[in-house]
Amino acid sequence: MEKKIKIAIYPGSFDPITNGHVDIINRASNLFDRLIITVASNNTKKALLSIDRRVDILNKTFSNKANIEIDYFNGLLVDYAIRKNVFTIVRGLRTLSDFEYEFRMAIINRNLDKRIETIFLMTDEKYSHISSSSIKEIYNLNGNINQFVPKTVSKTLCNLKNEKNNK
Ligand code: ADP
């Protein structure tokens, strides 16, 4: 009998991707044969980076990982999962407030399509305090974000600042 390939989707805003996300991605890519990281493009949160830039950063950060695919989607995650024919969703958990939000989303998604299973990976304690929104705040206040994000993010945000200053 042919072995079934285990594939999962890791959706998120990744605006920008942080070392906390990278840790979840590395761990999930060891658990699954293939991992699709997909950027949610219709999030209501005020965006720092365009979808193209976020996708580009993800491609560069994981270019050495053969079992990771980068993508983006509009609309409902459930519809994306159906299009991809992949029904396992990976999400990360940090705090109790993450749990409440994630719990609700997991149930809603399963109500929308009962094939959906959401798998949660607990943050490594080293990254439990890191969020994209705190990175944005530090960046907007001209702080140094290097210790919290992959190098490509630091470079992209540095270029973005230069572009803005040169306008
Ligand atoms: P969303 O807007 O969909 O919540 P995010 O990019 O903020 O997208 O987060 C994507 C997923 O990664 C979420 O499940 C979130 O809880 C998780 N995550 C974010 N930061 C961390 C971290 N530091 N450690 C572990 N998981 C995290």
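Whatever order the structure lists ligands and atoms in, that order sets their numbers, starting from 1. Keep in mind the model is a prediction, meaning the values are calculated, not measured.
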Checklist entry - Among Thr38, Leu58, Val55, which residue meets the side-chain contact (heavy atoms from CB on, under 4.5 Å) test with Phe14? => result Leu58
Checklist outcome for this item: Closest to atom 2 (O) of ligand 1 by heavy-atom distance, out of Gly20, Ser13, Ser128, is Ser13
Next on the checklist: Would Gly12 count as a polar contact of ligand 1, with the cut-off being nitrogen or oxygen pairs under 3.5 Å?
Outcome noted: no
Checklist entry - Any nitrogen or oxygen of Pro11, main chain or side chain, under 3.5 Å from a nitrogen or oxygen of ligand 1? => result no
Next on the checklist: Whether the Asn74 and Ser41 side chains hold a donor-acceptor pair (N or O, under 3.5 Å, no angle test) is what I'd like checked.
Outcome noted: yes
Next on the checklist: Testing the basics here: between Asn142 and Lys161, what is the closest heavy-atom pair and its distance to 0.1 Å?
Outcome noted: OD1-NZ, 2.9 Å
Checklist entry - Does the Asp56 side chain pair with the main chain of Asp52, one donor and one acceptor, at a distance under 3.5 Å? => result no
Checklist entry - What pair of heavy atoms forms the shortest contact from Tyr139 to Leu48, and how long is it? => result CE2-CD1, 3.8 Å
Next on the checklist: With a 4.0 Å cut-off on heavy atoms, is Tyr10 in contact with ligand 1?
Outcome noted: yes
Checklist entry - Would the number of heavy atoms belonging to other residues, nucleotides or ligands and lying under 6.0 Å from OH of Tyr127 be above 12? => result yes
Next on the checklist: Could you walk me through whether Thr156 and Arg53 satisfy the side chain to side chain contact (heavy atoms under 4.5 Å, CB included) test, starting with their C-alpha distance in whole Å, then the side-chain angles of each, then the deciding distance to 0.1 Å, before giving a yes or no?
Outcome noted: CA-CA 8 Å; Thr156 307; Arg53 272 196 155 117; 3.8 Å; yes
Checklist entry - Would you say ligand 1 has an N or O under 3.5 Å from any N or O of Arg94? => result yes
Checklist entry - Which of the atoms of ligand 1 are close to Ile130, meaning less than 4.0 Å from one of its heavy atoms? => result 20 (N), 22 (C), 23 (N)
Checklist entry - Is there a side chain to side chain contact (heavy atoms under 4.5 Å, CB included) between Ser131 and Arg94 once you walk through the steps? => result CA-CA 9 Å; Ser131 67; Arg94 286 159 299 183; 3.2 Å; yes
Item to check | ligand 1 to Arg91 polar contact by distance, N or O atoms, under 3.5 Å | outcome: yes
Next on the checklist: Taking distance alone, with N or O pairs closer than 3.5 Å, would you say His21 contacts ligand 1?
Outcome noted: yes
Next on the checklist: Under 3.5 Å between any N/O of Glu102 and any N/O of ligand 1: does that happen in this structure?
Outcome noted: yes
Checklist outcome for this item: Within the 4.0 Å heavy-atom cut-off, what His129 brings close to ligand 1 is neither
Item to check | Proximal atoms of ligand 1 relative to Phe14 (non-hydrogen, under 4.0 Å) | outcome: 6 (O)
Checklist entry - For ligand 1, is there an N or O atom under 3.5 Å from any N or O atom of Leu93? => result no
